[in-house]
Amino acid sequence: TNTRSAPGPLLLLKQYQPTYVTVTNNMSFATSVHWHGLDLDSWADGAPDFSASDGKISPSILPGEKFTYKLTLMKPGTYIYHSHMRDAEQVASGLYGPIIVLKENETYDPRTDHYYVVAWKTTEPRSIKDVELNGNSEQPTQYVKYGETHRIRFVNIAPAGEMVIKMMKDSIPVPIKFIAKDGGELPARQQTMINESKLLGVGETADFEFHPLKPGTYTLKFMYDEQFYLTQKWVVTD
């Protein structure tokens, strides 16, 4: 279709639970979908006419055709799916979306578990107006209660550019806990409080915990540099 909708829907998957995803190509050009970071059979990896195993191969999905991927061997964490053909152009057109793999007995609560996907809206970005967060340039205010623990899942799928994220209050950094990287939970001794993340490049994911101890207005910043960033306001109440 000619309608752009980004990102694609969140895929909530379960560890140990094989999942079949059928991709139907309603576009006028070929595509494929890569399940970035997931452990799975090579034929389902989405690198067209290259990824192969068990006598099968990931195809180019031609206009009007469909293909069913089998997602298995999944470990809990934050991942992303995206086009693997004419990558920059198709990703900038909106063919990407978040994946959350839950532990076997875990449930997802969107009130305390938040994902943020940063992408370009064009293959030649010139300003912050060409960048989007969850498909938008502005985010709705997040209302939370102090003392709660919130998970922040960050994904960078921009065709180029490294970002840092930080939480601020009255222009002062507020520490958040770095808990996972690229789908893998960090060992307890490596889960540290940080004022801002390291640079996170294209295809990288990182998870953080925010545990506000005081009411007030906070700002979650997604930054390429001090003048080039996106934000979301968090209002913490008692």
Side-chain angles (χ1 to χ4, degrees), residues 5-21 35-39 71-82 96-119 132-136 138-157 163 165-169 174-188 190-194 196-197 200 204-222 230-238:
S5 177
L10 167 67
L11 295 185
L12 276 176
L13 309 177
K14 282 279 191 177
Q15 184 182 23
Y16 308 128
Q17 182 175 308
T19 302
Y20 295 85
V21 180
W35 314 94
H36 195 105
L38 291 182
D39 293 328
L71 311 183
T72 57
L73 308 175
M74 295 176 290
K75 292 182 289 188
T78 305
Y79 305 93
I80 189 168
Y81 62 90
H82 61 82
Y96 66 91
I99 301 172
I100 297 175
V101 179
L102 301 172
K103 296 177 182 178
E104 191 172 16
N105 298 312
E106 186 180 10
T107 58
Y108 177 71
D109 184 354
R111 195 183 65 81
T112 57
D113 195 329
H114 318 272
Y115 65 84
Y116 297 94
V117 186
V118 172
E132 59 188 6
L133 181 64
N134 289 350
N136 295 287
E138 297 183 1
Q139 300 301 305
T141 299
Q142 184 70 51
Y143 292 93
V144 304
K145 293 183 178 181
Y146 86 92
E148 291 181 329
T149 297
H150 289 256
R151 189 180 189 114
I152 295 169
R153 302 175 186 264
F154 172 76
V155 178
N156 185 359
I157 195 57
M163 299 196 76
I165 77 168
K166 62 168 64 174
M167 186 70 77
M168 309 284 290
K169 186 177 188 295
V174 176
I176 55 178
K177 190 176 184 180
F178 181 31
I179 61 172
K181 180 71 172 63
D182 295 325
E185 188 169 317
L186 296 175
Q190 295 181 18
Q191 295 188 13
T192 55
M193 302 299 295
I194 59 173
E196 69 176 39
S197 72
L200 298 166
E204 292 189 74
T205 74
D207 292 27
F208 308 89
E209 282 185 353
F210 174 47
H211 186 79
L213 298 177
K214 295 181 180 180
T217 300
Y218 297 72
T219 302
L220 182 59
K221 299 184 74 171
F222 304 80
L230 297 164
T231 64
Q232 182 184 41
K233 183 194 300 183
W234 287 54
V235 175
V236 178
T237 59
D238 55 17

Treating Gln232 as the side-chain partner and Pro140 as the backbone partner, does any N or O pair qualify as donor plus acceptor under 3.5 Å?
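A pair under 3.5 Å: yes.
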Worked check of side-chain contact (heavy atoms from CB on, under 4.5 Å) between Leu71 and Val101:
CA-CA 11 Å; Leu71 311 183; Val101 179; over 6 Å; no
Listed once per pair and sorted, the side chain to side chain donor-acceptor pair (under 3.5 Å) pairs that draw on residues 211-221, sequence neighbours left out:
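Qualifying pairs, neighbours excluded: Thr149-His211.
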Can you name the closest pair of heavy atoms from Pro7 and Gly135 and give their distance?
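So the minimum-distance heavy-atom pair works out to CD-N, 3.6 Å.
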Is there side-chain contact between Leu11 and Trp35, with heavy atoms separated by less than 4.5 Å?
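SC-SC contact between Leu11 and Trp35 confirmed.
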Listed by chain and number, what are the salt bridge (Lys or Arg N to Asp or Glu O under 4.0 Å) partners of Lys233, not counting sequence neighbours?
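Lys233: no salt bridge (Lys or Arg N to Asp or Glu O under 4.0 Å) contacts found.
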Minimal non-hydrogen separation, Tyr79 against Gly183, with atom names:
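In this case the closest contact between Tyr79 and Gly183 is OH-O, 3.4 Å.
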By salt bridge (Lys or Arg N to Asp or Glu O under 4.0 Å) - contacts of Glu196 (at least two apart)
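With neighbours one apart ignored, the set is Lys166.
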How far apart are the closest heavy atoms of Met74 and Leu13, and which atoms are they?
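Between these two residues, the closest heavy atoms are SD-CD1, 3.4 Å.
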Below 30° counts as parallel, above 60° as perpendicular, anything between as tilted: where do the rings of Phe210 and Trp234 land?
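Taking Trp234 first and then Phe210, their aromatic rings stand perpendicular (interplane angle over 60°).
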Student check: side-chain heavy atoms of Glu209 and Gln191 closer than 4.5 Å:
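They are not in side-chain contact.
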Looking at every heavy atom in both Tyr96 and Ile157, which two are closest together, and how far apart are they?
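What the structure gives for the nearest pair is CD1-CG2, 3.8 Å.
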Where Ala206 and Leu200 come nearest, the two heavy atoms and their spacing
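Looking at all heavy atoms of both residues, the shortest contact is CB-CD1, 4.0 Å.
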Give, for atom NE2 of His150 and atom CD of Gln142, the distance between the pair rounded to the nearest 0.5 Å.
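The CD atom of Gln142 is 7.0 Å from NE2 of His150, to the nearest 0.5 Å.
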Taking side chain as C-beta onward, heavy atoms only, is Leu102 less than 4.5 Å from Tyr108?
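Yes; the side chains approach each other to less than 4.5 Å.
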Name all residues meeting the salt bridge (Lys or Arg N to Asp or Glu O under 4.0 Å) criterion together with Arg153; count only those two or more places apart in sequence or in a different chain, and write none if there are none.
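For Arg153, the residues satisfying salt bridge (Lys or Arg N to Asp or Glu O under 4.0 Å) (neighbours in sequence not counted) are Asp113, Asp207.
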Drop me the distance from Leu186's CG to Ile179's CD1, to the nearest 0.5 angstrom.
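Nearest 0.5 Å value for the CG-CD1 distance: 8.0 Å.
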Flag yes if more than 12 heavy atoms outside Glu138 fall under 6.0 Å of its CD atom; otherwise flag no.
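No, CD of Glu138 has 12 or fewer neighbouring heavy atoms, counting only those of other groups under 6.0 Å.
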Between atom CG of Leu10 and atom CD1 of Ile80, what is the distance when rounded to the nearest 0.5 Å?
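Spacing of CG (Leu10) from CD1 (Ile80) equals 11.0 Å.
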Under the criterion side chain to side chain contact (heavy atoms under 4.5 Å, CB included), which of Val236, Thr112, Val235 is the partner of Val144?
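The residue from Val236, Thr112, Val235 that satisfies side chain to side chain contact (heavy atoms under 4.5 Å, CB included) with Val144 turns out to be Val236.
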Ignoring hydrogens, what is the shortest heavy-atom contact between Asn134 and Tyr116? Give both atom names and the distance.
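It is OD1-CA, 3.4 Å.
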Under 4.5 Å between any side-chain heavy atoms of Thr78 and Ile99, yes or no?
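Thr78 does not reach Ile99 side chain to side chain.
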So Leu38 and Tyr81, do their side chains get closer than 4.5 Å, heavy atoms only?
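Sidechains of Leu38 and Tyr81: no contact.
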side-chain contact (heavy atoms from CB on, under 4.5 Å) partners of Asp238, counting only residues at least two apart:
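By the side-chain contact (heavy atoms from CB on, under 4.5 Å) rule, Asp238 matches Tyr146, Pro215.
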What I want to find out is whether Lys181 reaches Glu204 closely enough, with some N-O distance under 4.0 Å, to be called a salt bridge.
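Looking at Lys181 and Glu204, the cut-off is met.
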Can you sort out the partners of Glu106 under salt bridge (Lys or Arg N to Asp or Glu O under 4.0 Å), two or more places apart, ordered by chain and number?
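Result, salt bridge (Lys or Arg N to Asp or Glu O under 4.0 Å) vs Glu106: none returned.
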Compare all side-chain heavy atoms of Asn156 with those of Phe154 and state whether any distance is below 4.5 angstrom.
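Of all side-chain heavy-atom pairs linking Phe154 with Asn156, at least one is under 4.5 Å.
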Determine whether Ile152 and Met167 make a side-chain contact, defined as any pair of heavy atoms from C-beta on separated by less than 4.5 Å.
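Side-chain contact under 4.5 Å: yes.
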Donor-acceptor pair, distance only, cut-off 3.5 Å: does the side chain of Gln190 make one with the backbone of Pro187?
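No; judged by distance alone, with no hydrogens or angles, the pair does not exist.
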Check whether more than 12 heavy atoms from other residues, nucleotides or ligands sit under 6.0 Å from atom NZ of Lys169, and answer yes or no.
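Count over threshold, so yes.
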Spacing of CD belonging to Gln139 relative to CG belonging to Leu230, to within rounding of 0.5 Å:
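So the gap between those two atoms works out to 7.5 Å.
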